[in-house]
Amino acid sequence: MSEPADLIIVGAGPAGMAAAVTALAGGLRVVLIDSGTAIGGQFWRHPPEHARSVIPTEDLHHGLREYHALSETLSAHSHRGQLDLRLHHHAWSAVREDDGFAVHAVDRQRAPQEIAVVLRAPRLLVATGAYDRQLPFPGWDLPGVLTIGGLQALLKSGGVAAGSRVALGGTGPFLLPVAAGLAARGVEVVTVCEAAHPRAWLRHPGPLLRSPGKWAEGAGYALALMRHRIPVRPRTAIISAEGGARVTSVQIASLTSDGSPRPGTERRIEVDAVGVGWGFAPQLDLLVTLGCALTDSADGNAVVAVDKGQRTTIFGLYTAGETSGVGGAALAVLEGRLAAESVLADSGAAPVLDKKRLAAVRSAVAAQRAFARALALAHPIPPAWSSWLTDETVVCRCEEVSAGVIRSARAEGACDHRQVKQLTRAGMGWCQGRMCGPAVHCLAASKQVYEPAERLVATPLTLGALADLDK
């Protein structure tokens, strides 16, 4: 763009795309940055452009009509010069300045070369999404044990199945599309272990009854699993994995009401790959560093506190999608539109949505959030999951810190993951606690909501890129 930007949006997933389209329709000049090679985020992840014709992934996506509509609109604005789309850009910090915000990023379009980039605008919208939340178990560090999201990412980006005989475990409906997608590509999904029980939904029937689309989606997956004869075992978990050079088997067990393995129900199943997921953790790095107030959510995560227009407690800073509460792509799109409408209003620009349509969007957001809350309550992390761990089980894989060491730190007085980090180095490695943080926190302070530590550098970058800032 030849003129300064009015708004920077970090994250080009469903929330960021919807926000950009709305802000552009209101006449704002927008910079949209994302670390990926294409827009769409994790939810609308696709193979590289040159490979899409030979890697069919249409069956792995939902809402493709909306994706194509958003993509076409963004492309049109980019050609007109109103949108500055920056892919391959990893945002590693964001700071407040007198007249707005500065986003520090590294341009990796010509990797391994990294080029430092500083983007400035009076308003900033962060839509960085979420990542798989993991709970450790003996053998989870074996090659071939992946997150559920990792399995699906391989399918979506390259049509690759991680194995030929796969076991899935954890909790939540995300297990079902991954199982169906693997089976459609010839993979034998030997079991789906769901730690919760369907009866849990009976305690929160309202949001489910008011969401017929969710019923239809769930029924479609159920039929797919029946067609491929995939066994779904409720109130069951993968409690260990065994193998040498890679995983060769898992041990599953039925769970008691608190999540402890029921004695005598253990069963060994041969596999060559495993996928495990316990919901998602919002990506809050930039928002925590900027000083946003956080609030508790029903799934055990701390999320960004926002008003009804997705404004944070920092003036000129907005957020949308999983950062303000994990709720899926449909909710993220709606929140992106709300956030952009707030940006327009605060900038003195004319709104895109009239009062009636804006009220309809807010009503839809409320319904989606109610469903997300019911989902979190029906699929909680089992309270006694730590009983699966031996003292030798590695919890922090980067620094090779075991459960026994973390338990010792708790006995010495550590009451959260920050203090455990100071005593044991858990969370000081390459991932900076993104993988082990929630688990370490649960082991040290099981009754408190997990709040991620502040990370002044949100993604690894080279010293050369930092040195470029002086130029």
Side-chain angles (χ1 to χ4, degrees), residues 40 42-48 51-64 131-135 137-196 217-253 267-280 329 379:
Q42 298 299 323
F43 185 75
W44 285 320
R45 176 194 285 265
H46 290 82
R52 292 186 184 183
S53 61
V54 294
I55 303 177
T57 61
E58 297 292 301
D59 63 308
L60 300 175
H61 290 92
H62 292 280
L64 278 180
Y131 55 92
D132 292 84
R133 180 169 59 183
Q134 290 297 290
L135 298 180
F137 54 88
W140 78 309
D141 52 344
L142 283 169
V145 180
L146 293 85
T147 67
I148 288 289
L151 286 175
Q152 191 182 65
L154 288 173
L155 288 176
K156 285 184 174 182
S157 62
V160 175
S164 58
R165 185 175 167 86
V166 180
L168 305 180
T171 192
F174 188 37
L175 294 168
L176 304 182
V178 176
L182 288 168
R185 281 147 184 80
V187 175
E188 182 183 2
V189 181
V190 294
T191 186
V192 176
C193 297
E194 166 58 70
E217 184 178 339
Y221 290 134
L223 290 173
L225 268 56
M226 290 174 60
R227 185 168 62 253
H228 292 286
R229 299 182 179 180
I230 299 173
V232 179
R233 294 182 169 90
R235 190 69 80 179
T236 305
I238 296 172
I239 60 172
S240 69
E242 297 86 30
R246 65 175 290 117
V247 64
T248 57
S249 66
V250 294
Q251 188 176 51
I252 68 174
R267 177 182 174 186
R268 183 176 175 275
I269 301 177
E270 292 185 357
V271 298
D272 60 8
V274 181
V276 184
W278 298 92
F280 300 92
H379 294 272

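No hydrogens, no waters, no symmetry mates; every other heavy atom, side chains included, goes into these values.
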Nearest heavy atoms of Gly181 and Leu60, plus distance in Å: CA-CD2, 3.8 Å
Residues which pass salt bridge (Lys or Arg N to Asp or Glu O under 4.0 Å) with Arg185, listed by chain and number, not counting sequence neighbours: Asp59
Beyond-backbone contact of Ile269 with Arg165, side-chain heavy atoms, under 4.5 angstrom: yes
Nearest non-hydrogen partners of Val187 and Gly163, listed with the distance: CG2-O, 3.5 Å
Short side-chain to backbone donor-acceptor contact, Glu188 and Val166, under 3.5 Å: no
Closest heavy-atom pair and its distance - Ser157, Arg45: CB-CD, 3.7 Å
Heavy-atom closest pair, residues Val189 and Ala183: CG2-N, 4.2 Å
Leu146 to Ala162 - nearest heavy-atom pair and separation: CD1-CB, 4.2 Å
Residue pair Leu155 / Leu182, side-chain heavy-atom distance below 4.5 Å: yes
Minimum heavy-atom distance Gly243-Leu142, with the two atoms named: N-CD1, 3.6 Å
Residue list, side-chain hydrogen bond (donor to acceptor under 3.5 Å, both in side chains) with Gln134, at least two apart or on another chain: none
Rounded distance (nearest 0.5 Å) linking atom OG1 of Thr171 with atom CD1 of Ile148: 11.0 Å
Those residues that, when tested against Tyr131, pass ring pair (Phe, Tyr, Trp, His ring centres under 6.0 Å) (two or more places apart): none
Sequence neighbours excluded - ring-ring contact (aromatic ring centres under 6.0 Å, His included) pairs with any residue from residues 142-168: none
Glu58 side chain reached by Leu64 side chain, heavy atoms, under 4.5 Å: yes
CH2-OG1 distance between Trp140 and Thr147, expressed to the nearest 0.5 angstrom: 10.5 Å
Donor-acceptor contacts under 3.5 Å from residues 222-241 side chains, at least two apart:
residue	atom	partner	partner atom	Å
Arg233	NH1	Thr191	OG1	2.5
Thr236	OG1	Pro234	O	3.0
Ser240	OG	Glu242	OE2	2.8

Pairs involving residues 154-187, ordered by first then second residue, that meet ring-ring contact (aromatic ring centres under 6.0 Å, His included) (sequence neighbours left out): Phe174-Phe280
Asp132 side chain to Gly277 backbone, donor-acceptor under 3.5 Å: no
Close side-chain approach of Gln42 to Lys156, heavy-atom, < 4.5 Å: no
From CG (Leu175) to CH2 (Trp278), nearest 0.5 Å: 9.0 Å
